[in-house]
Each structure stands twice: as structure tokens, then as C-alpha cells.
S.K.: 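Provided herewith is a single structure, encoded as C-alpha cells, for subsequent inquiry.
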Amino acid sequence: MALYGLIDGNSFYCSCEQAFDPALRDKPVVVLSNNDGCVIARSALAKAVGIKMGDPWHLIRRRPELSEVVAKSSNYSHYGDLSRRVFEILGAHVQRLEPYSIDETFLDLAPVTGDLMEFCQMLRGAVRQIAKIPTCVGVGPSKTIAKAANKLAKSRPELNGVCDLRDEATRVALYQDLGIGEVWGIGGKTAEKLAARGVRTVADFLRLDPRKVRDMMSVVGARVQAELRDVSCLPLSLMAPQRKGIAVTRSFGMPITDWWTMREAVASYATRAGEKLREHGLLASTMTVLLHTNPHNGDPWYSNQHSARIEATNDTTSLIGEAIRMLEPMWRAGFRYSKAGIMLGELIDAGSQPMSLFPTKDPVRSARAMAALDAVNGRFGRDTLRPLATGISRTWTAKAMNLSPRYTTRVGEILVGTAY
DNA sequence: TCTGGGGTCCTAGGACCC
DNA sequence: TCTGGGGTCCTAGGACCC
């Protein structure tokens, strides 16, 4: 009988900062993204004062009631070191484990003899004592159930950090109240779709005909349902799979409008991508360069990406050369399209949301929008802008590459300042 | 209503995860 | 002024082939 455990670090990045600096342990702590832009991890106290994942730091720091909050810039090499340490400690007690992310790993608990709850508490104690990281453990007959158990262990203090869902009657009772969106593999979109059909809890979801689930949610949903029904479909994978892509992407704190600044940035991303390739012992045979303007400020935004087959390499100079070659035409086009987008917004007097006009069923608005579009294309060239459901954009794709990428290097998701 | 059938390969887009 | 970064998998649909 399969038996899985899932152990993960509580507020992992924050716990790492607190492990490093004990003075932070009784404070609300957040860890910030690149450029200290937004919150990517919150300690329990930070969650308690209402800080949400992704909250922009520049807004939080202005609120007087949050003046106690300590913010740390992210330090991924530090977190990686502690993560390896935690996995080492666990490996000393569990023969088969599958690290799943930087802060969590699945455990094969089937071979454990004796009291399983005591064993899980022992693991927690070892990690807390040696690595100074607090953890929670979920236990169940499938990975998905173990994930759900882990979540419950976190949200219910009376469980003391370990939640055991081996017993079917316990699960059935819990599924009555467990929101389907809480389940591993069910995201916001799917939860919305299910809610529209009156499916809100795991219990509701398990009542659905599996064929209907398959139709609605593809094999992914079918698998989730089976796993929740105690049919384990996701075995433990002991070998880390080969990387399929490597990405180096950054946004800037300020709009970048100078070509040489952008060129240098992309060169440094290509350099970093080369380092990662060599670390993994890989060559890239396809490269993608992405670039977009700030999508948050209400202006029409520009987004573009270009992929090309390249001669398999992990050489820095070659990667930089390819990246710059791809970047250059997109950079020039970005200015043109941004200007065109702004002109369109002015012409249709749509304020900051011209994209919401396309497509529209209102014939008057539609006609006005199309007339504006014609005017813009008259100025900037045919087909500069075309109506799309998701926004004003122009895709630039080389259709010549008909070979399958073996490994992809994506270099640069770049914020270009809109040029007026 | 019927329109050949069965493949492969590739891309774009969507959804999800941490 | 200031809004993350790095991944995976699945599907639909087009091009192409015999």
C-alpha cells in the first residue's frame, strides 16, 4: 500500500532569514522580489497583519500600522543552501524521497514501522533543531491527499504540525468542507469553472462522473479526482528529470528607454543563462527572447517574443550574439507599437483601457474602434495593430524553424519603457 | 448527410505549480 | 517613481506526408 508524506518549510524564505538572524524571529517578516518590488514570502506574523502574496512593497511601507514589518531582499543562494541542508537531514531518516520544490519534498512512508505520528514529529524536530526551519507534514495514500493533509497541518494549530489522512472516514468528513480550489492541481480558473456548475467542495467534486471530469478538465482533472479517491496515479520519482528549459528574466525598477542599457541587460541575462546551462551540463538549441512594456500602468502595452533555432551551444559569446540579434528588431518595433497604441487610445477616447474595446458586440463602439484602428495603421503602416481579445499586440514570429527544440534557453523578459 | 484516414511534427495558448 | 521569477504539462489546430 502506497503511503506518502509531504514535508515543507513554513514560510520558507522568511524562515531562512529568521534562521540566519534570530533577532527576526518574533517580528513580522517579508521577503521581496527582484528590485524589492513585491512580497514573495510572509512570516506567520506578516500574514496575520494582512499582507498578501504579491503586495507591492512601496504601498505597504507607506502604511503606518505596518511600520513593524521587516522586509528582506531575496537571497536565493542562501535559501538554496538551507534547502539542501534540510533534504540531507530528511535523507538520513527516509530512504526514498522526491524533492518537489525548494522547500518541500515527498517522502515514502510505507517502510516506516512503529508510530507514524511520532516518526513525523521526529523529522520535524530534527529539521528544526539542525537547520532552524519549522515544518509541517501531511500524510496520505496518494500525493494529492498528502498535499491536502500538509495544508491542513498548516492551517490548524491543534494538529501540532502533522496531519494524518490515512483513514478514509476522516477524509470523507474533511472533504465536506474542503474547498476544491484548495486542492493541488486545481487553480483559480478551474475552481471558477467548477463553481459555475455548483461544485465547491472536494465532496462535490468526487460526486462528479469521471467521464465528465475528463471532458471538462482533461487528464489533469481526471488524475486529481482519482488521487483524491485514493487511487495513487503519481508515483514517487527518485530521479530529478532533465531540465527542459532555462530562463533568465528580469523586470526593471525604472522604464528602460535607452538601447545600450537594454543591450547590456540582455547580454548579462544571456551570460547567466550560459552559466546555468553549463551547471546542468546542457546545450541550448533554441533561444527565445521576450520583451514587454509595463502592463500595470494602464497604458497600452507592448509584448513580443521571438524564438529561433540556434546551433547547440552553451558558450557565452554565442548566446549573447544570438540574443542581441533577436532583441534588436523587437526593440525598434516596441517603440513603434507603443506609439501606435497610445494614438489609438487617444483616438477612441478610451482612457487607459483601449484594449477592452476589442472585440466588442456594440456596433457603434466597434465601428469607432475600427475607424481608429484604420487611422493608426494609416500612420504607422498596415497591420501595425490588430484587434485581439487580450490586448493590442503584434506578434513577430519567425516561421522558418521547423525543428523541435531539445533544450530551450529563454533570455530576458524585459520591461521596455513606452516611448512617447 | 455525405466530403479518406491515419500518422508526425510543430506552435500557440492556457493552466497550474512554488 | 515603485507591481517576481522560474518551471511543467496538456490541448487544439495547422502543415505536411503517404
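All values below come from the heavy atoms of this structure, side chains included, with hydrogens, waters and symmetry mates left out. Per chain, numbering begins at 1; letters A, B, ... match sequence-line order.
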S.K.: Nearest to the side chain of Lys189(A), which nucleotide is it out of dG5(C), dG7(C), dA15(B)?
M.R.: dA15(B)

S.K.: Return the nearest nucleotide to the side chain of Ser218(A); candidates are dT11(C), dC18(B), dT8(C).
M.R.: dT11(C)

S.K.: Given Leu116(A), which partner from the list Val162(A), Leu3(A), Val137(A) fulfils the side chain to side chain contact (heavy atoms under 4.5 Å, CB included) test?
M.R.: Leu3(A)

S.K.: Is the shortest side-chain N to carboxylate O distance from Arg42(A) to Asp55(A) below 4.0 Å?
M.R.: no

S.K.: 5'-most contact on DNA chain C: His58(A) or Lys276(A), nearest heavy atom basis?
M.R.: His58(A)

S.K.: At 4.0 Å (heavy atoms only), tell me whether Trp184(A) reaches a base, stays on the sugar-phosphate, or touches nothing.
M.R.: sugar-phosphate

S.K.: Using 30° and 60° as the class boundaries, would you call the ring planes of Tyr13(A) and Tyr79(A) parallel, tilted or perpendicular?
M.R.: parallel

S.K.: So, for Phe87(A) and Glu104(A), which heavy atoms are closest and what is the spacing to 0.1 Å?
M.R.: CZ-O, 3.8 Å

S.K.: Indicate whether OP1 or OP2 belonging to dC9(C) is found under 4.0 Å from a side-chain N or O atom of Lys244(A).
M.R.: yes

S.K.: When we call it a touch if two heavy atoms are under 4.0 Å apart, what does Val224(A) touch: a base, just sugar-phosphate, or nothing?
M.R.: nothing

S.K.: Is the phosphate of dT11(C) approached by Arg214(A) (side-chain N or O, under 4.0 Å from OP1 or OP2)?
M.R.: yes

S.K.: What's the CH2-C1' distance between Trp57(A) and dT1(C), to the nearest Å?
M.R.: 17 Å

S.K.: What nucleic acid atoms does Ile186(A) come within less than 4.0 Å of, heavy atoms only: base, sugar-phosphate, or nothing?
M.R.: sugar-phosphate

S.K.: Counting just side-chain N and O atoms, does Arg61(A) come under 4.0 Å of either OP1 or OP2 of dC2(C)?
M.R.: no

S.K.: Please state whether the phosphate of dG5(C), meaning OP1 or OP2, lies under 4.0 angstrom from any side-chain nitrogen or oxygen of Asn34(A).
M.R.: yes

S.K.: What stems, by residue range, does DNA chain C take part in, given at least 3 consecutive Watson-Crick or G-U pairs under 3.5 Å?
M.R.: B:5-18 with C:5-18

S.K.: Could you check which of dC18(B), dT3(C), dG4(C) has an atom nearest any side-chain atom of Pro56(A)?
M.R.: dT3(C)

S.K.: Of the candidate nucleotides dC18(B), dC10(C), dG4(C), which contains the atom at the shortest distance from the side chain of Lys147(A)?
M.R.: dC18(B)

S.K.: Check every atom of dC2(C), dG4(C), dT8(C) against the side chain of Arg62(A) and return the nucleotide holding the closest atom.
M.R.: dC2(C)

S.K.: For a quick test of reading the model: is some side-chain N or O of Thr249(A) closer than 4.0 Å to OP1 or OP2 of dG6(C)?
M.R.: yes

S.K.: Sticking with atom P, work out how far dC18(C) lies from dT3(B), rounded to a whole angstrom.
M.R.: 24 Å

S.K.: Applying a 4.0 Å non-hydrogen cut-off, can you work out what Gly188(A) is touching in the nucleic acid: base, sugar-phosphate, or nothing?
M.R.: sugar-phosphate

S.K.: Taking OP1 and OP2 of dG5(C), is either one under 4.0 Å from a side-chain nitrogen or oxygen of Ser251(A)?
M.R.: yes

S.K.: Starting at atom NZ of Lys154(A), determine the distance to atom P of dC18(B), rounded to an integer number of angstrom.
M.R.: 9 Å

S.K.: Counting side-chain heavy atoms from CB outward, which of dG4(C), dC16(B), dG6(C) is closest to Thr190(A)?
M.R.: dC16(B)

S.K.: Under 4.0 Å from OP1 or OP2 of dG6(C): is there any side-chain N or O of Arg243(A) that close?
M.R.: no

S.K.: Checking side chain to side chain contact (heavy atoms under 4.5 Å, CB included) against Leu277(A), which of Thr313(A), Leu319(A), Thr316(A) comes through?
M.R.: Leu319(A)

S.K.: Count the heavy atoms of every other residue, nucleotide or ligand shown that sit under 6.0 Å from NZ of Lys27(A), and state whether that count exceeds 12.
M.R.: no

S.K.: Output the rounded distance in Å from CE (Met216(A)) to P (dC16(B)).
M.R.: 11 Å

S.K.: For the side chain of Cys38(A), counting heavy atoms from C-beta on, which of dG7(C), dC18(B), dT3(C) is nearest?
M.R.: dT3(C)

S.K.: One thing to verify: whether Glu275(A) and Arg272(A) come together as a salt bridge, which I'm taking to mean a side-chain N less than 4.0 angstrom from a carboxylate O.
M.R.: yes

S.K.: For Lys193(A) and dA15(B), what is the distance between atoms NZ and C1' respectively, to the nearest whole Å?
M.R.: 9 Å

S.K.: Using 4.0 Å as the upper bound for N to carboxylate O, is an ion pair formed by Glu322(A) and Arg325(A)?
M.R.: yes

S.K.: Look at all strands and tell whether Val219(A) reaches a base, only sugar-phosphate, or nothing, counting heavy atoms closer than 4.0 Å.
M.R.: sugar-phosphate

S.K.: Side chains of Asp81(A) and Ser83(A): is there a donor and an acceptor less than 3.5 Å apart?
M.R.: no

S.K.: Would you kindly give the CZ-to-P distance between Phe12(A) and dC18(B), to the nearest whole Å?
M.R.: 15 Å

S.K.: For the pair made of CZ in Arg223(A) and P in dC16(B), what is the distance, rounded to whole Å?
M.R.: 14 Å

S.K.: Name the closest nucleotide to the Ile40(A) side chain, picking from dG4(C), dC9(C), dC2(C).
M.R.: dG4(C)

S.K.: Could you tell me the separation between the NZ atom of Lys143(A) and the P atom of dC16(B), rounded to a whole number of Å?
M.R.: 19 Å

S.K.: Roughly, in whole Å, what's the span from CD1 in Ile256(A) to C1' in dC2(C)?
M.R.: 13 Å

S.K.: For the side chain of Tyr100(A), starting at C-beta, report the closest nucleotide among dG7(C), dC9(C), dC17(B).
M.R.: dC17(B)

S.K.: Looking at Leu90(A), Val86(A), Asp8(A), which one forms a side chain to side chain contact (heavy atoms under 4.5 Å, CB included) with Thr105(A)?
M.R.: Leu90(A)

S.K.: Base, sugar-phosphate, or nothing for Asp36(A), non-hydrogen atoms under 4.0 angstrom?
M.R.: nothing

